[in-house]
There are 2 protein chains.
Amino acid sequence: MEKKKIELSESCRKSIQGIKDTQDLLSGKWKAAIVGALFYNGKFRFMDLSRHIVGIAPKVLSKELKDLEMNHLVKRTVLDTMPITVEYELTSQGKSLHKIIEAMGEWGIRYRKSLLRK
Amino acid sequence: MEKKKIELSESCRKSIQGIKDTQDLLSGKWKAAIVGALFYNGKFRFMDLSRHIVGIAPKVLSKELKDLEMNHLVKRTVLDTMPITVEYELTSQGKSLHKIIEAMGEWGIRYRKSLLRK
DNA sequence: TACACCTGTTACCTATTGGTAAGTAGTTAC
DNA sequence: GTAACTACTTACCAATAGGTAACAGGTGTA
């Protein structure tokens, strides 16, 4: 009996690894949405983010932003205002996620519509 | 003191919701990679998948495939062979994720290269 | 003085995720 | 008859994710 060995090409293996890497950086319930909000709005202060990412707790938002900052996707800037305010924005690395973010937004909207049709 | 009310447009809010919906369906460490493998290869049997998604345990693969099947992204077909084999492939709904998957693959590859340059 | 707003932190808890190791049940090859 | 292949499942466990609620330490406003 002949054995079929399925061998993925080098480029496929690299792509799958790339998908995993990307997924790791955007892991969890909120990170992609946070990047999306920053992408659509440009800059956000902590409280504004927490108001627009509906349902996120400050503790969780804080942790997610730290993760994103650590991976150089988000930049945190403390402004010398009274009271102090902090601005979050995407780095150029973060902005380079735009294809993914836009595709996810569009797909999600279509998916939701397709569920309603049923 | 004037208050700035940051109001996202309806379309932005919808996009953020879409991103969250998409993220929910592709949640976890492996789902995006599984969809990617099926996207690049077309069809896969259980054991072939577990060989190509390096590191995944059969229990976890089984659970992820069930989740994806439940959300109509993956189709499971039992073939009447000896021994029985099972094929997994993307549904048309699953195939419609291609933009996201390709973008994730490309971004991940670039990201990895940018890390090596440092 | 009391309250509100800023950006978070801390303590605590639970549910889920993801992992290991082994087993099940049928078929085929040596 | 025994080992190996197919596709899983089961029992068990540890780490993490993510949630609630309260609070901290600063400034400004009534």
Side-chain angles (χ1 to χ4, degrees), chain A residues 1-6 19-21 23-35 37-38 41 43-71 74-89, chain B residues 1-6 19-21 23-35 37-38 41 43-71 74-89:
Chain A
M1 175 184 174
E2 146 200 34
K3 283 250 169 160
K4 274 188 256 176
K5 272 193 212 169
I6 296 184
I19 292 167
K20 276 181 67 180
D21 290 346
Q23 179 82 340
D24 282 350
L25 292 186
L26 295 180
S27 64
K29 198 172 163 183
W30 302 104
K31 288 200 191 71
I34 292 171
V35 172
L38 292 174
N41 198 67
K43 289 181 180 179
F44 259 129
R45 290 181 303 157
F46 189 84
M47 284 309 284
D48 288 325
L49 260 178
S50 81
R51 272 191 279 264
H52 289 289
I53 312 285
V54 180
I56 195 168
K59 180 200 116 172
V60 177
L61 177 56
S62 170
K63 188 239 174 195
E64 299 292 59
L65 285 169
K66 271 181 198 161
D67 288 352
L68 290 169
E69 206 191 337
M70 214 162 40
N71 289 318
V74 160
K75 189 178 139 204
R76 180 180 184 273
T77 312
V78 178
L79 299 179
D80 193 16
T81 52
M82 295 297 173
I84 261 180
T85 51
V86 181
E87 264 180 9
Y88 292 91
E89 62 189 312
Chain B
M1 175 183 172
E2 148 200 34
K3 283 254 167 155
K4 273 188 259 177
K5 271 195 214 166
I6 296 183
I19 292 167
K20 277 180 65 179
D21 290 347
Q23 179 82 338
D24 282 352
L25 292 186
L26 295 180
S27 64
K29 197 172 163 181
W30 302 104
K31 287 199 192 73
I34 292 170
V35 172
L38 293 173
N41 198 68
K43 288 180 181 180
F44 259 129
R45 290 181 304 156
F46 188 86
M47 286 307 284
D48 287 325
L49 260 178
S50 81
R51 272 191 280 265
H52 288 289
I53 311 285
V54 180
I56 196 168
K59 180 200 115 171
V60 177
L61 178 56
S62 170
K63 188 240 174 195
E64 298 292 59
L65 285 169
K66 269 181 198 160
D67 287 352
L68 290 169
E69 206 192 337
M70 214 160 41
N71 290 316
V74 161
K75 189 178 141 203
R76 181 179 184 274
T77 313
V78 179
L79 299 179
D80 192 16
T81 53
M82 295 300 174
I84 261 180
T85 51
V86 182
E87 264 180 9
Y88 293 92
E89 61 190 312

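Each chain gets a letter, A, B and so on, in the order the sequences are listed, and its residues count up from 1.
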Asker: Round to a whole Å and report the spacing from CD of Glu69(A) to C1' of dT7(C).
Answerer: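 One finds 14 Å between C1' of dT7(C) and CD of Glu69(A), rounded.
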Asker: Can you tell me how far C1' of dG8(C) sits from CG of Leu65(A), to the nearest Å?
Answerer: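 Distance check: Leu65(A) CG to dG8(C) C1' gives 11 Å.
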Asker: Looking at the side chain of Ser62(B), which of dT7(C), dA7(D), dT9(D) is the nearest nucleotide?
Answerer: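 Of dT7(C), dA7(D), dT9(D), dT9(D) is nearest to the side chain of Ser62(B).
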Asker: Would you compute the distance between atom CG of Leu49(A) and atom NZ of Lys43(A) and round it to the nearest 0.5 angstrom?
Answerer: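 These two atoms lie 13.5 Å from each other.
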Asker: Do the side chain of Gln23(A) and the main chain of Gly28(B) share a donor and acceptor less than 3.5 angstrom apart?
Answerer: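 The answer is yes, because a donor-acceptor pair under 3.5 Å joins these two groups.
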Asker: From the options dT20(C), dT6(D), dC6(C), select the nucleotide whose nearest atom is closest to the side chain of Ala57(B).
Answerer: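 Selected nucleotide: dT20(C).
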Asker: With distance as the sole test, does Glu89(B) use its side chain to make a donor-acceptor pair with the main-chain N or O of Leu38(B) at under 3.5 Å?
Answerer: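 The answer is no, because no donor-acceptor pair under 3.5 Å joins these two groups.
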Asker: Rounded to the nearest 0.5 Å, how far does OG of Ser27(B) lie from NZ of Lys20(B)?
Answerer: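 Output value for this atom pair is 13.5 Å.
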Asker: In whole angstroms, how far is the C1' atom of dC5(D) from the CZ atom of Phe46(B)?
Answerer: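 Roughly 14 Å, once rounded to whole Å.
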Asker: Can you figure out which of dC6(C), dG8(C), dT6(D) approaches the side chain of Val86(A) most closely?
Answerer: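 Selected nucleotide (nearest to the side chain): dG8(C).
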Asker: Measure CZ/Phe44(B) against C1'/dA7(D) and give the value in whole Å, please.
Answerer: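 Taking atom C1' of dA7(D) as the reference, CZ of Phe44(B) is at 16 Å.
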Asker: For a quick test of reading the model: is some side-chain N or O of Arg76(A) closer than 4.0 Å to OP1 or OP2 of dG8(C)?
Answerer: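 Yes, because at least one side-chain N or O of Arg76(A) sits under 4.0 Å from OP1 or OP2 of dG8(C).
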Asker: Without decimals, in angstroms, what is the distance between Asp80(A) CG and dC6(C) P?
Answerer: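 These atoms are roughly 17 Å apart.
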Asker: Just distance, no hydrogens or angles: give the donor-acceptor pairs under 3.5 Å from side chains in residues 53-70 of chain A, sequence neighbours left out.
Answerer:
| from | atom 1 | to | atom 2 | distance (Å) |
| --- | --- | --- | --- | --- |
| Lys63(A) | NZ | Asp67(A) | OD2 | 3.4 |
| Glu64(A) | OE1 | Lys31(A) | NZ | 3.2 |

Asker: Donor-acceptor pairs are to be reported for all side-chain atoms of residues 74-82 of chain A against protein atoms at under 3.5 Å, with residues two or more places apart or in another chain.
Answerer:
| from | atom 1 | to | atom 2 | distance (Å) |
| --- | --- | --- | --- | --- |
| Arg76(A) | NE | Tyr88(A) | OH | 3.3 |
| Thr81(A) | OG1 | Pro83(A) | O | 3.0 |
| Thr81(A) | OG1 | Thr85(A) | N | 3.2 |
| Thr81(A) | OG1 | Thr85(A) | OG1 | 2.9 |

Asker: Please report, rounded to the nearest Å, how far the C1' atom of dA25(C) is from the CD1 atom of Ile84(B).
Answerer: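 Whole-Å distance recorded here is 11 Å.
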Asker: Between protein and nucleotides 16-18 of chain C, what N or O pairs are separated by less than 3.5 Å?
Answerer:
| from | atom 1 | to | atom 2 | distance (Å) |
| --- | --- | --- | --- | --- |
| dG18(C) | OP1 | Lys29(B) | N | 2.8 |

Asker: Could you pull out the closest heavy-atom pair between Ile19(B) and Ala33(A), with the gap in Å?
Answerer: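 Looks like CG2-N, 3.7 Å.
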Asker: Between dT9(D), dT7(C), dG26(C), spot the one nearest the side chain of Pro83(B), thanks.
Answerer: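 The listed nucleotide nearest to Pro83(B)'s side chain is dG26(C).
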Asker: Starting from C1' on dT6(D), measure out to CG on Leu49(B) and report it in whole angstrom.
Answerer: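 Going from CG in Leu49(B) over to C1' in dT6(D) covers 14 Å.
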Asker: Given atom CG of Asp48(B) and atom C1' of dA7(D), what is their separation to the nearest angstrom?
Answerer: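 That distance rounds to 12 Å.
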